[in-house]
Structure formats: structure tokens, C-alpha cells
Amino acid sequence: MKKIISVLLLGIAIFTFAFSSPALADGATVFSANCASCHAGGKNLVNAAKSLKKADLEKYDMYSAEAIIAQVTNGKGAMPAFKGRLKPAEIDDVAAYVFEQAGKDWK
């Protein structure tokens with residue numbers, strides 16, 4: 001009986017890892033749920049000059065995962081802090097997603 005349960009649990013674990021979403025997919029989900037209301041398509045509805053486009057991120061020295069993580073975590077200006085609202089892994093995932101999308105000009 002123990003052997004059957006062990007095999008079943010191992011099968012569930014393998015299935016879970018084999019079909020889990022990669023970090024960028026998680027970042028896209030977190031972005032859609034928490035950021036897209038102000039930043040849909042990489043725009044900034046509050047301050048159009050500070051979009052999430054690569055050129056704007058570079059202009060404001062924000063084109064790095066570390067800078068994006070700090071911004072999402074601590075907020076700044078009109079942007080609220082997400083520390084406490086999002087888990088650190090979610091913040092990392094959304095930063096990776098934003099960085100990746102900015103590199104592709106949000107296309």
C-alpha cells in the first residue's frame with residue numbers, strides 16, 4: 001500500500017512540474033491582475049512620459065530587473081508599493097515579464 005501511495009505521489013509531482021507555467025507566464029498573469037489597469041500594453045495612463053517602453057525605462061535608469069523589482073516593491077510617486085500585496089516571487093516574475101516585454105517593445 002505504501003508503494004502505491006509513493007508511486008501515486010511521485011506521478012502527481014511529475015505531472016505538476018511538467019505542466020506548470022514558466023515564470024514569464026506567471027509574470028503575465030500577475031501583471032494582468034495588478035498592473036494592466038495603469039500599464040496596459042506598456043503604457044502609463046497616469047504619466048505618459050514614464051511608460052514601460054524600453055526607451056523610457058532607459059531614460060529614467062529603470063531598464064533592469066533590479067530597478068523594476070525596487071519600483072514594484074516600494075512604489076514611487078503615483079505608483080503604489082506592492083510589498084505585502086504581492087509575494088517576492090510574484091514581484092520577481094512581474095519584473096521579468098516587464099523587462100522581457102520592454103525589450104520586445106510590448107509586441
Side-chain angles (χ1 to χ4, degrees):
M1 185 68 167
K2 286 182 182 179
K3 204 174 221 182
I4 292 172
I5 291 173
S6 295
V7 170
L8 182 61
L9 290 175
L10 179 61
I12 291 170
I14 290 170
F15 181 80
T16 300
F17 287 115
F19 294 101
S20 64
S21 300
L24 289 181
D26 292 339
T29 301
V30 173
F31 185 88
S32 293
N34 295 278
C35 314
S37 60
C38 292
H39 295 290
K43 296 178 178 137
N44 185 333
L45 298 178
V46 177
N47 184 349
K50 293 187 176 182
S51 75
L52 299 179
K53 304 282 182 162
K54 183 178 179 181
D56 287 339
L57 291 174
E58 288 176 332
K59 179 179 179 180
Y60 295 104
D61 200 28
M62 294 295 295
Y63 189 63
S64 71
E66 295 79 16
I68 297 167
I69 289 168
Q71 181 82 13
V72 174
T73 301
N74 303 312
K76 185 175 179 184
M79 182 171 162
F82 284 87
K83 182 179 183 179
R85 295 186 352 186
L86 295 177
K87 296 174 186 169
E90 292 173 315
I91 292 173
D92 291 348
D93 288 347
V94 80
Y97 173 76
V98 168
F99 186 79
E100 177 81 15
Q101 289 302 108
K104 296 189 296 187
D105 203 31
W106 291 86
K107 292 180 183 173

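Looking at heavy atoms from C-beta onward, E90 lies out of side-chain contact with D26 at the 4.5 angstrom threshold. With a 4.5 Å cut-off on side-chain heavy atoms, K87 and D92 do not count as touching. Between N44 and L52 the shortest side-chain heavy-atom distance does not fall below 4.5 Å. Proximity of N34 to V94: side-chain heavy atoms (C-beta onward) are nowhere separated by under 4.5 Å. A heavy-atom distance below 4.5 Å is not found between the side chains of K50 and D56.
A continuous path of ILVMFWY side-chain contacts below 4.5 Å connects W106 to Y60, so both sit in one hydrophobic cluster.
In terms of heavy atoms, G103 sits closest to K54 at CA-CD, 4.5 Å. Here the shortest heavy-atom pairing between A95 and A65 reads CB-O, 4.1 Å. The minimum heavy-atom distance between H39 and F31, with the atom names listed, is O-CZ, 3.2 Å. Between V46 and C38, the shortest heavy-atom contact is CG2-SG, 4.3 Å. The shortest heavy-atom contact between S51 and L57 is O-CD2, 4.0 Å. Taking each heavy atom of A28 and Y97 in turn, the nearest pair found is CB-CE1, 3.5 Å.
The local environment of NZ in K53 is crowded, with over 12 non-hydrogen atoms from other residues, nucleotides or ligands closer than 6.0 Å. Heavy-atom neighbours of D61 CG from other residues, nucleotides or ligands within 6.0 Å: at or below the threshold of 12.
For the atom pair Q71 CD and M79 CE, the distance stands at 5.0 Å (nearest 0.5 Å). The distance from atom OG1 of T73 to atom CG of L86, rounded to the nearest 0.5 Å, is 8.5 Å.
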